[in-house]
Amino acid sequence: MRITMIGAGYVGLVSGVCFADFGHHVTCVDNVEEKVAALKAGTIPIYEPGLDELVKSNVKAGRLMFTTDLKAAVAEADVVFIAVGTPSRRGDGHADLSYVYAAAKDIAHAMTGFTVVVTKSTVPVGTGDEVERIIRSERPDAEFAVVSNPEFLREGAAIADFKRPDRIVIGSEDERASEVMREVYRPLYLNSAPLFFCDRRTSELIKYAGNAFLAMKITFINEMADLCEKVGADVQKVAKGIGMDKRIGDKFLHAGPGYGGSCFPKDTMALVKTAQDNDSPVRLIETTVAVNDTRKRAMARKVIAACGGSVRDKKIAVLGLTFKPNTDDMRDAPSLSIIQALQDNGALVHAYDPEGMEAARGMLPDVDLGDSPYDIAKGADALVLVTEWDEFRALDLRRLKPIMNAPVLVDLRNVYPADEVHRYGFEYHGVGR
Ligand SMILES: NC(=O)c1ccc[n+]([C@@H]2O[C@H](COP(=O)([O-])OP(=O)(O)OC[C@H]3O[C@@H](n4cnc5c(N)ncnc54)[C@H](O)[C@@H]3O)[C@@H](O)[C@H]2O)c1
C-alpha cells in the first residue's frame, strides 16, 4: 500500500512510522518546513520512547519519507490519512476544524485515481460528511471515499499502543474503501487485533465517547479522594477495592491533580458543544469538565496549606511539568494551572522535568528551571511532585532534607508511602489519603 500521512505530529508521525514498519510505503507530509528538515536529517521533533530507532530503521529500509510537498505525496497514494491538529477553537470550545478542512481541500486538488481519504484526527460527528462535501465540490470528477479511523494511542506508550491496539475502529460506508482499510491493517489483525467496522458518524462519536468516559472515571476518583480526606479513608484502597470488580476495572482510577494533556480537555469540551448543538446535553461530561477545571487550582491551595497557609516569597520546587510521564507534551498540563495559582499567591516557583524543559521555557517564562530535583530543592519550602516520572519515584530523601528550607513533600500522584517519607523527617501530603 502507498500511504500518505498529512501532519507529522504525535499521531501522524507515530502512525506513519508504524505503517512503514508493517511494510507499507509511507510518506509523511507536514507544512512546517523546519519539522520536515529535522526529520529528514534524522532528528525527531518530539519525545516518544522508541520512536527514534523505528524512524531510522524504516527510513534506511526505504519505506518512510518526509516532505512538505503535499501534492506529489497525495498524487501517488492509495490512502491519505489526515492527522492534523483539532485544538479547541478560541472563544467557544468547539473543535477547530480549519486544519482538517484545509487539508481536505489540498488533497482534493492533488489526488489521482481511486483514493481513500481517512480522518485520523479526532473530529466531531459529521466532519466526515463535510470533508466529503469539500472534496466533491473541489473535484466533482474525483474517485474517492472518506473513512473515519480515530486513533487511540497514548503518548508515552504510542508505538506499543499502535502496534497492539485494543481495537481499530473504522467508519466506512463504501465497500471498496473498507477493503482498502482491511489491507492497511492486515499485518495487525494477523496478530488478532480486532477490527471494528461501523458507519462513519458512529466511528466519530466512539472516539469522543471513549475519551469522555475515561475523563469522567478520573474525575470520579478525584472526587472520592476529596471525600476520603474529609472522612479519613484512603482513596488508593477505595480504588483498589472497586477496581477489583470487573464491571468497573482498575484502570484510570488514580487520584491526582486532574486530567490534562492534548486530548481529554479539548475532546470533553468539544463533545459538550456537539451535544448542546444537537439539543441533547451530556450533563455528566459538562460536570466532569467543570470539576476538573477547578481541581488544578485546588491543588495549589493544597500546597499553600502544606506551607502553613501562605507561599508568599517562599520557594516552591515543582517536579514534573509535562501532562504525564514519557512525553515532552505540555499542552494543557496540570502543572501550568498549578504553577500559575502558586505564583498568583506570591510563590517563587522553581521546576525540573526530564523531557519537558524545552517546551516549558516558552510556556513558563517566570519559572526558574533547574537541572535536577536536587538542584531545584536547594532552599525550597516545599517539594511538589506533579508528574510521576520514574526518576522521581526513588528520590534520595536523606540527601534532600538538609538542602531544603523546610522538609515538606506534596505528592500529587501518591507515589510515596507516607510512613516512609515521615521516617526521613519529612512532612507528607498526598491526595485522598
Ligand atoms: N496526541 C495524542 O496523544 C492523540 C491521540 C489520539 C488522537 N489524537 C488526535 O490526533 C490529531 C493530531 O494530534 P497531534 O497530537 O498529533 O497534533 P500535533 O499538533 O502534534 O500534529 C499536527 C501536525 O499537523 C501539521 N499540519 C497542520 N496542518 C497541516 C497541513 N495542511 N498540511 C500538512 N501538515 C499540517 C502540523 O504542522 C503538526 O505537525 C488531533 O485531532 C488529536 O486530537 C491525538
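Read the numbers this way: they start at 1 and go in the same order the structure lists the ligands and their atoms.
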Could you check whether [X] pairs with [Y] (Lys NZ or Arg NE/NH1/NH2 to Asp/Glu carboxylate O, under 4.0 Å)?
| X | Y | result |
| --- | --- | --- |
| Glu132 | Arg200 | yes |
| Asp245 | Arg247 | yes |
| Asp344 | Arg297 | yes |
| Arg133 | Asp129 | no |

Rounded at 0.5 Å granularity, tell me how far [atom1] in [X] sits from [atom2] in [Y].
| X | Y | atom1 | atom2 | result |
| --- | --- | --- | --- | --- |
| Ile134 | Arg139 | CD1 | CZ | 15.0 Å |
| Asn31 | Asp69 | CG | CG | 12.5 Å |
| Ser88 | Asp267 | OG | CG | 8.5 Å |
| Leu364 | Leu336 | CG | CG | 5.5 Å |

Counting from 1, what ligand 1 atoms have a heavy atom of [X] closer than 4.0 Å?
| X | answer |
| --- | --- |
| Gly85 | 22 (C) |
| Glu151 | 6 (C), 7 (C) |
| Lys207 | 6 (C) |
| Gly7 | 23 (C), 24 (O), 25 (C), 34 (N) |
| Val32 | 37 (O) |
| Val11 | 2 (C), 4 (C), 5 (C), 6 (C), 7 (C), 8 (N), 10 (O), 16 (O), 44 (C) |
| Ala83 | 12 (C), 22 (C) |
| Lys266 | 42 (C), 43 (O) |

Taking distance alone, with N or O pairs closer than 3.5 Å, would you say [X] contacts ligand 1?
| X | value |
| --- | --- |
| Ile6 | no |
| Thr122 | yes |
| Glu155 | yes |
| Asn31 | yes |
| Lys35 | yes |
| Tyr10 | yes |
| Asp329 | no |
| Arg154 | no |

In the protein, which heavy atom is nearest to [atom], and how far is it?
| atom | answer |
| --- | --- |
| atom 5 (C) of ligand 1 | Leu153 O, 3.5 Å |
| atom 38 (C) of ligand 1 | Asp30 OD2, 3.4 Å |
| atom 21 (O) of ligand 1 | Gly9 CA, 3.2 Å |

Take atom [atom1] of [X] as the centre, draw a 6.0 Å sphere, and report whether it contains more than 12 heavy atoms from other residues, nucleotides or ligands.
| X | atom1 | answer |
| --- | --- | --- |
| Lys217 | NZ | yes |
| Phe220 | CZ | no |
| Glu33 | CD | no |
| Tyr99 | OH | no |

With a 4.0 Å cut-off on heavy atoms, is Ala102 in contact with ligand 1?
no
Taking the ring centre of each residue, are Phe19 and Phe81 less than 6.0 Å apart?
yes
Is ligand 1 under 4.0 Å from a heavy atom in the side chain of Pro150, in the backbone, in both, or in neither?
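For Pro150, no heavy atom sits under 4.0 Å from ligand 1.
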Could you see which bit of Arg331 sits under 4.0 Å from ligand 1, with heavy atoms only: side chain, backbone, both or neither?
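Side chain only.
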Would you tell me which option among Asp267, Thr86, Thr68, Val84 has the nearest heavy-atom contact to atom 11 (C) of ligand 1?
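Going through Asp267, Thr86, Thr68, Val84 one by one, Val84 has the nearest heavy atom to atom 11 (C) of ligand 1.
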Step by step, would you call Thr86 with Lys266 a side chain to side chain donor-acceptor pair (under 3.5 Å)?
CA-CA 9 Å; Thr86 50; Lys266 77 172 176 69; 3.3 Å; yes
